[in-house]
Structures are given as C-alpha cells and as structure tokens.
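Below is one structure; the comments refer to it alone.
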Amino acid sequence: MTSVLQHTEWWRSAVIYQIYPRSFADANGDGMGDLLGIRDRLPELAELGIDAVWLSPFYTSPQKDAGYDVADYCDVDPLFGTLDDFDSMTSRAHELGLRVIVDLVPNHSSSEHVWFQAALAAAPGSPERDRYVFRDGLGENGELPPNNWESVFGGRAWTRTTNPDGTPGQWYLHLFDSTQPDFNWQNRWVRDQFGDILRFWLDRGVDGFRVDVAHGMVKADGLPDWTAPDAAGSMGGSDATRAPFWAQDGVHEIYREWREILNGYEGERILAAEAWVDPLTDMAKWVRPDEMHQAFNFPYLETPWTAQPLRAVIDASISAFSEVEAPSTWVLSNHDVVRHASRLALTAENPQGHGIGPKSAGLPIPELGLRRARAATALMLSLPGSAYIYQGEELGLPEVIDLPDDAREDPTWFRTNGERYGRDGCRVPIPWEANSPSFGFGPTAASWLPQPSDWAPFARDSQRGVEGSTLTMYRLALALRRAHELATGTIEWLDAGADTVLALRNSDVLVYANTGDSAVTLPAGDVLLASGPLGDNELPADTTVWLRA
Ligand code: NOJ
C-alpha cells in the first residue's frame with residue numbers, strides 16, 4: 001500500500017486519539033472490543049481529522065488491570081485478536097494517513113509472565129529473582145514488609161511469596177496490583193529484553209510508544225520508607241515531597257537508550273511519556289532532545305475550569321517544554337481519570353484515579369459538565385503543540401456514575417474494599433449507533449461494562465452532520481486548527497476585560513473562553529467556532545469562541 005504519511009516532525013503538532021481497545025468497537029460480538037473492530041471503525045476517526053491513534057494494551061494478559069498486566073509483550077491476547085489482526089489494523093490506519101502508537105508497560109509485568117514465574121521458582125539471590133524486586137521481610141521471621149510503601153491502587157506495595165515447601169518466603173514489590181510485580185531496571189538483562197520488545201513492534205511498523213509509568217521504573221537506592229504528605233495513592237509527586245519510587249534520575253539513561261533504538265528506524269517513530277511529575281520544569285526532563293518526544297501534560301488536565309489557573313498552566317507548559325525544544329501537549333481525559341464532561345462540574349475534591357460513583361459527594365450536573373467540557377476542548381484545541389483526545393469525548397460522553405458494584409473491574413475498587421470507585425466509569429464501551437444493540441459497539445447486546453440506557457443521543461450517528469452537536473464541534477475545531485496552523489503557532493494574551501475570561505491570539509484566530517458564571521460582551525468579528533450557542537454580542541458563561549482576527 002502506498003503511504004500518505006508526511007515526515008516533518010509530525011508529533012510536534014499531532015492530534016492523537018486514544019483508543020481503549022476493550023471499549024472501542026467489538027467485531028466478534030463477545031462484548032469486548034477487539035483489533036478488527038478498531039480496523040473497521042478507523043475511517044470514522046480519519047473523518048474526524050486526527051493524525052494518529054494510541055492504543056492502550058492489547059497484549060496477552062490475565063486482565064487483572066485491564067491489560068496493564070502483560071504476560072507476553074510480543075503477542076496479542078485472544079480477547080483482542082491475533083498478530084495478523086494487528087497488522088491488518090495497522091496497514092488500514094496507514095492507508096488512511098493515521099499513525100499507530102502502542103502502549104509499552106515496562107515498570108511491571110503480569111505475575112503470570114514466564115519471567116516472574118521463573119523468579120518465584122528460583123532461589124533468593126538467583127539471576128531470575130534479580131529481574132524483579134525481591135527482598136527479605138523485616139521482623140524476627142521476615143513477617144513484616146521490607147518498607148512502608150503503599151500501592152497506587154491502595155493497600156501495601158509488597159506481597160509475601162510462599163516457598164516450594166510451603167513456608168513463607170521473600171516479598172516482592174508491586175507499585176500497583178499484587179498481580180503486577182515491578183521489574184528491577186538496574187538489571188541489564190531486563191533492559192535488553194525491552195530493547196528487543198521495542199524492535200519487535202518497530203519492525204511491525206508502529207509509529208511510536210506511549211510509555212506507561214515512565215516516571216517509576218527506577219527506585220531510590222536502599223528503598224527507604226516514605227509517607228505521602230498529601231493525597232495517598234496519587235501517581236504524582238512534587239519536587240519537595242518526591243517519593244523514592246517516582247522521578248528518580250536513573251530513568252533518563254533508559255530513555256536515551258530507547259531514543260537511539262528509535263532513531264535507527266525510518267519515519268520519525270516517537271516515545272510519549274506517562275510521567276506524573278510536578279512541577280512542569282521537572283517533567284520537561286523526560287523530553288530533552290535525546291530522550292522522549294512528548295510527555296502528557298497532566299498539570300493541564302488537573303487544572304479546574306478557571307481562567308487564571310488555566311492561563312498560568314498554559315504559560316508554564318509552553319515555557320517549560322520550549323526550554324528543552326519539545327512541543328507542549330494538552331490533554332483533558334484518558335482511561336484513568338473522570339471524563340472531563342463530568343469532572344469539570346464536580347463540586348467536591350476528587351483526586352485523579354479515585355473515580356466517582358453513586359455515593360460520591362458533589363456529583364456533577366450533566367448539562368453544566370458538557371457545556372464546560374466543550375468550552376474546555378475548544379480552548380485546548382486552539383493551543384500550539386500536540387493534543388490528545390480520549391475515545392468518546394468527541395461525543396460528549398459523561399462519566400458513568402451508577403455502574404452496579406458487581407460490574408466494576410478496576411483493582412482500585414477491590415483493593416480499597418469499595419472505598420474508591422476507581423476508573424471503570426470512564427471505560428464504558430462507546431456508542432456508535434442510536435438504534436442498534438450495544439449502541440453499535442458490537443453486533444450483539446454484549447458489553448463488558450453495562451452502557452447507560454439513555455446513551456442514544458450520544459451515539460455517533462445521532463451527531464454526525466448535526467449542527468451544534470459535540471461531534472460536529474470537534475470536527476470543525478480540528479479542521480480549523482489545521483487550516484489556521486494553530487498547532488505550530490504562538491499565543492499572545494489579550495486583555496479579556498474580566499478575570500474570569502481568557503483571551504488570546506494564535507495565528508489569525510482570536511480565542512475567548514468565558515469560565516465565569518455570567519455572560520460577557522463578545523467583541524465583534526467573524527465567528528469561526530463556538531462551543532455553545534452565543535447571545536447577541538454576548539459570550540455566555542462556560543463558552544469558548546474562535547473569531548477571525
Ligand atoms: C497507568 C495506566 O494508564 C493505568 O491504567 C494503569 O493501571 C497503571 N499505569 C499501571 O500500569
């Protein structure tokens with residue numbers, strides 16, 4: 001097939017669409033999304049106007065953490081299809097001019113991976129055990145964990161093993177679930193294996209990797225005790241309060257090695273870091289010229305819909321990333337956080353990853369959430385750099401709050417005995433057709449998480465070509481972003497006349513975002529894009545507009 005891909009540092013300006021394979025499209029009707037389902041729906045993503053797709057894991061996995069527990073890094077789980085299906089999906093994407101980024105999960109494997117099983121079977125001190133983080137316990141009989149670290153998903157970060165003769169053995173570290181043992185990245189053998197894994201997927205034609213927990217792979221020497229000063233279980237950590245398992249200097253040499261591997265391939269393959277690191281000037285270390293290409297801008301995602309903090313984080317992002325010659329990225333939703341059509345209208349604190357459910361405080365008013373989400377997206381897509389879209393946000397999907405308890409699958413839910421709802425609410429299979437079983441997710445009514453019965457108006461076919469729909473707004477914003485070269489532009493702040501309004505110019509577009517709760521006067525001009533209905537010379541509350549300069 002001829003490729004229509006252009007090689008011009010595409011990643012600096014790309015709009016990258018996150019596909020969560022379990023919930024995108026199900027070709028075989030078993031209720032679980034799959035690679036052929038993705039392949040067949042790609043034309044609809046090309047029509048949206050994106051540049052690339054990033055797929056969350058589809059590798060062989062017992063699915064204890066929805067595939068972020070990998071048992072074979074170089075094969076496809078039968079739930080999602082086969083390697084041939086992957087090739088077929090990738091070549092379809094390339095024919096359509098879309099690049100394909102896959103997820104790499106290097107901090108931990110599944111406990112069912114043969115490497116971990118070999119480590120369990122081997123003796124303490126063996127080369128097999130050295131690939132992971134095994135330690136003797138403290139206390140008289142090793143009955144206490146080696147340190148006080150807690151798992152991001154709740155509970156302790158250590159599990160004790162049982163020796164072949166039934167006696168209690170060493171402990172192993174897992175920053176996430178007990179089925180996700182952490183690798184020892186000081187071990188050369190581990191590094192070599194991951195070099196081969198990168199080459200395996202690069203040889204298959206992938207255009208890059210989103211690197212899971214890219215701030216966690218190296219732990220501080222001696223594994224010192226640590227107590228979280230603020231939100232327990234957060235994946236972040238700021239400079240002064242940095243945990244001994246996040247953002248250690250040693251991670252950077254790993255990425256330099258990987259960058260060399262990618263540089264050996266044609267076609268500008270990229271690395272994108274999932275690194276929850278504060279402040280942005282520290283996060284920028286992940287995207288120095290010889291390391292990764294992009295890092296997800298989580299400080300932006302975590303900023304409320306409030307003008308002045310938004311302005312501050314936009315300035316700080318552009319400044320921190322340009323200091324290292326990297327593009328800024330922008331993101332509002334992903335598979336780990338409450339969807340922004342709900343999050344931006346929450347009235348109670350909700351740390352990322354904790355999720356919301358029927359008993360949460362401060363639940364959002366859906367109409368307000370959607371209005372803010374559309375305004376926030378219109379602001380985000382006007383900014384220079386690369387933007388990430390999470391499947392379903394272009395439909396305006398809210399978080400699903402009332403999932404039945406027995407449907408929930410997130411390990412967070414189990415590890416905290418239901419105290420934290422976790423992330424299932426943003427992972428519900430997405431609606432394509434208003435009048436089909438499972439809203440067109442698949443050919444049957446099956447859906448691994450139940451879909452709300454009132455999702456017909458969100459279905460893609462209810463919104464396609466409909467003026468004022470969220471889908472139409474996304475398509476128009478993406479087309480205008482391209483036509484006006486906003487992704488490669490620079491922004492200049494303008495006098496907005498009110499503290500609650502942001503006003504900026506990028507290229508020949510003026511952007512006004514009203515985060516306040518009352519309408520403001522709208523300057524005269526040709527309207528290119530509006531996130532919601534406009535009044536007569538008025539920009540209503542929670543609305544963003546683009547005007548021709
Ligand atoms: C971050 C991923 O995005 C999340 O879904 C996963 O649970 C953890 N890393 C552990 O792999």
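Just so it is clear, the values below take in all heavy atoms, side chains as well, and ignore hydrogens, waters and symmetry mates. Every number for a ligand or one of its atoms is a count from 1 in the order of the listing.
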Assess the side chains of [X] and [Y]: does a donor N or O sit below 3.5 Å from an acceptor N or O?
X    : Y    : result
Y172 : D182 : no
D424 : W413 : no
Q193 : Y73  : no

side-chain contact (heavy atoms from CB on, under 4.5 Å) partners for A477, two or more places apart: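 Listed in chain order: L381, L529, W546.
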With a heavy-atom distance limit of 4.0 Å, tell me whether [X] approaches ligand 1 through its side chain, its backbone, both, or neither.
X    : value
R427 : side chain
H174 : neither
F153 : side chain

May I ask you to list the atoms of ligand 1 that are less than 4.0 angstrom from any heavy atom of [X]?
X    : answer
R423 : 4 (C), 5 (O), 6 (C), 7 (O)
H108 : 10 (C), 11 (O)
V213 : 9 (N)

Verdict with reasoning, F183 to Y132, per ring-ring contact (aromatic ring centres under 6.0 Å, His included): CA-CA 4 Å; F183 282 113; Y132 292 88; 4.9 Å; yes
Contact with ligand 1 for R210, non-hydrogen, under 4.0 angstrom: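 So R210 counts as touching ligand 1.
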Flag, side chain of N297 to backbone of W330, donor-acceptor distance under 3.5 Å: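 Side chain of N297 to backbone of W330: no pair is present.
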Option whose closest heavy atom lies nearest to atom 7 (O) of ligand 1, chosen from V70, T412, D65: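 Looking at heavy atoms only, D65 sits closest to atom 7 (O) of ligand 1.
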